[in-house]
Amino acid sequence: TKAVFPVAGLGTRFLPATKAIPKEMLPVIDKPLIEYAVEEAVLAGIKEIIFITSHTKRAIEDHFDQNFELEEKLLNSGKDDYLEKINRTIFQDVKFTYVRQKNQRGLGDAILHAEHLIQDEAFAVLLADDLILNDPSCTSQLISAFEKNHCSVIGVNEVPQEQTSKYGVISGNKVDHEKATFLLNDIVEKPQNNPPSNLAVVGRYVLTKSVFGYLQNLAPSVGNEVQLTDAIKLMIQDETVVGYLYEGQKFDCGSRHGYVNAIKYLADNLLDD
Ligand code: UTP
């Protein structure tokens, strides 16, 4: 029922746009990236959203808060239709919690900031810059895989061999009865040569609480950042972790190419005005 949204990253690849605006607030047409991901989580049954945020990301808090003044003005000017857009019914019973990551030490460190909010339960992690479109959503598919396998589940997709150096890459054997499930036996962050496969990690995970034990005291590695990948590499020595080849269309909106493609795709497929 809980999902962690690490949103404290610097968004370097999108400068100067992200100098004063959080990367996660960049709009894909008329909705910020972060709202697509929060919507995905909530529709998959998540009841508490835990943002790992930073002092430059206040706009995210404001976005999920109520704006009474704007609501009043919309009401008074007969533009009630927009009320649902700024105060969505599906978010009404969802709890939003914010934790500050003071020092941007990496994704692994960001997730560790949620430890005190997670009881003895598995939790989802969503990186909003991966926009993934599908019904059932990628998060729903991973939750189903978790319910079947009772272990941490990592979303993966197939990428061309020459692109593996941009991602975390897993290797694993297919679980017999499930063509989409791989029993992890290795995971490498941004392999520069000899990638273990062409299965790249995407920004969707369901993790068991034990991951925090592996994240503690983890030294920074690739990019001088504390990497979630390194914690998972330790984890698979002790417990089962699976990769799940989800169905869906993914856009890497942390890159300019992916961002433009997402806008093009939605403009071509979903816009009715
Ligand atoms: P990225 O590797 O995409 O980094 O982080 P970034 O800062 O967002 O973007 P670039 O690479 O500088 O352009 C993956 C996810 O981890 C979060 C980011 O917000 C993003 O959702 N993150 C990363 C943190 O929350 N804290 C960190 O210290 C680093």
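Remember, it's 1-based here, ligands and their atoms both numbered in the order they're listed.
- Of all protein heavy atoms, the one closest to atom 12 (O) of ligand 1 is T12 OG1, 2.6 Å.
- In this structure, atom 28 (O) of ligand 1 lies nearest to the protein heavy atom G106 N, 2.8 Å.
- Remark: minimum distance from atom 14 (C) of ligand 1 to any protein heavy atom is reached at L127 CD1, 4.2 Å.
- Of the N and O atoms on the side chains of Q119 and K2, at least one donor lies less than 3.5 Å from an acceptor on the other residue.
- Ionic pairing of E24 and K57 is present here: one or more N-O contacts between side-chain nitrogen and carboxylate oxygen are shorter than 4.0 angstrom.
- Between R88 and E39 there is a salt bridge, with a side-chain nitrogen of the basic residue lying less than 4.0 Å from a carboxylate oxygen of the acidic one.
- Annotation for ligand 1: atoms under 4.0 Å from non-hydrogen atoms of D129 are 3 (O).
- Scanning all protein heavy atoms for the shortest distance to atom 25 (O) of ligand 1 gives A8 N, 2.9 Å.
- Set against the non-hydrogen atoms of L107, the atoms of ligand 1 under 4.0 Å away are 16 (O), 29 (C).
- For atom 20 (C) of ligand 1, the nearest non-hydrogen atom from the set A37, P6, G11 belongs to P6.
- Looking only at protein heavy atoms, the nearest one to atom 26 (N) of ligand 1 is Q101 OE1, 2.8 Å.
- The distance between the ring centers of F64 and F51 falls below 6.0 angstrom.
- Two rings, from F251 and Y265, have their centers less than 6.0 Å apart.
- Using a 3.5 Å distance cut-off with no hydrogens or angles, the side chains of E84 and T89 do pair a donor with an acceptor.
- A donor-acceptor contact closer than 3.5 angstrom links the side chains of E48 and T97.
- By the 4.0 Å heavy-atom criterion, V7 is counted among the residues contacting ligand 1.
- Here is the list of ligand 1 atoms found below 4.0 Å of a heavy atom in R13: 3 (O), 9 (O), 10 (P), 11 (O), 13 (O).
- A salt bridge does not link K47 to D93: none of the charged nitrogens lies less than 4.0 Å from a carboxylate oxygen.
- Residues satisfying the side-chain contact (heavy atoms from CB on, under 4.5 Å) test with A44, not counting sequence neighbours, are S137, T139, S140, I143.
- With ligand atoms numbered from 1 in the order given, ligand 1 contributes 3 (O), 6 (P), 8 (O), 9 (O) to contacts under 4.0 Å with heavy atoms of K23.
- In summary, the aromatic rings of Y244 and F146 are positioned with their centroids too far apart to meet the 6.0 Å limit.
- Note on residues 212-239: pairs passing salt bridge (charged side-chain N to carboxylate O under 4.0 Å, His left out), not counting sequence neighbours, are D186-K233.
- Here the heavy atom of the protein found nearest to atom 23 (C) of ligand 1 is G9 CA, 3.8 Å.
- Distance check on atom 7 (O) of ligand 1: some protein heavy atom falls below the 4.0 Å cut-off.
- Interface atoms of ligand 1 facing L10, defined by a heavy-atom separation under 4.0 Å, are 7 (O).
- If you number the atoms of ligand 1 from 1 as listed, the ones under 4.0 Å from a heavy atom of E24 come out as 19 (O).
- Close approach to R105 involves these atoms of ligand 1, each under 4.0 Å from a residue heavy atom: 28 (O).
- Atom numbering of ligand 1 starts at 1 in the shown order; those under 4.0 Å from a heavy atom of A110 are 24 (C), 25 (O), 26 (N).
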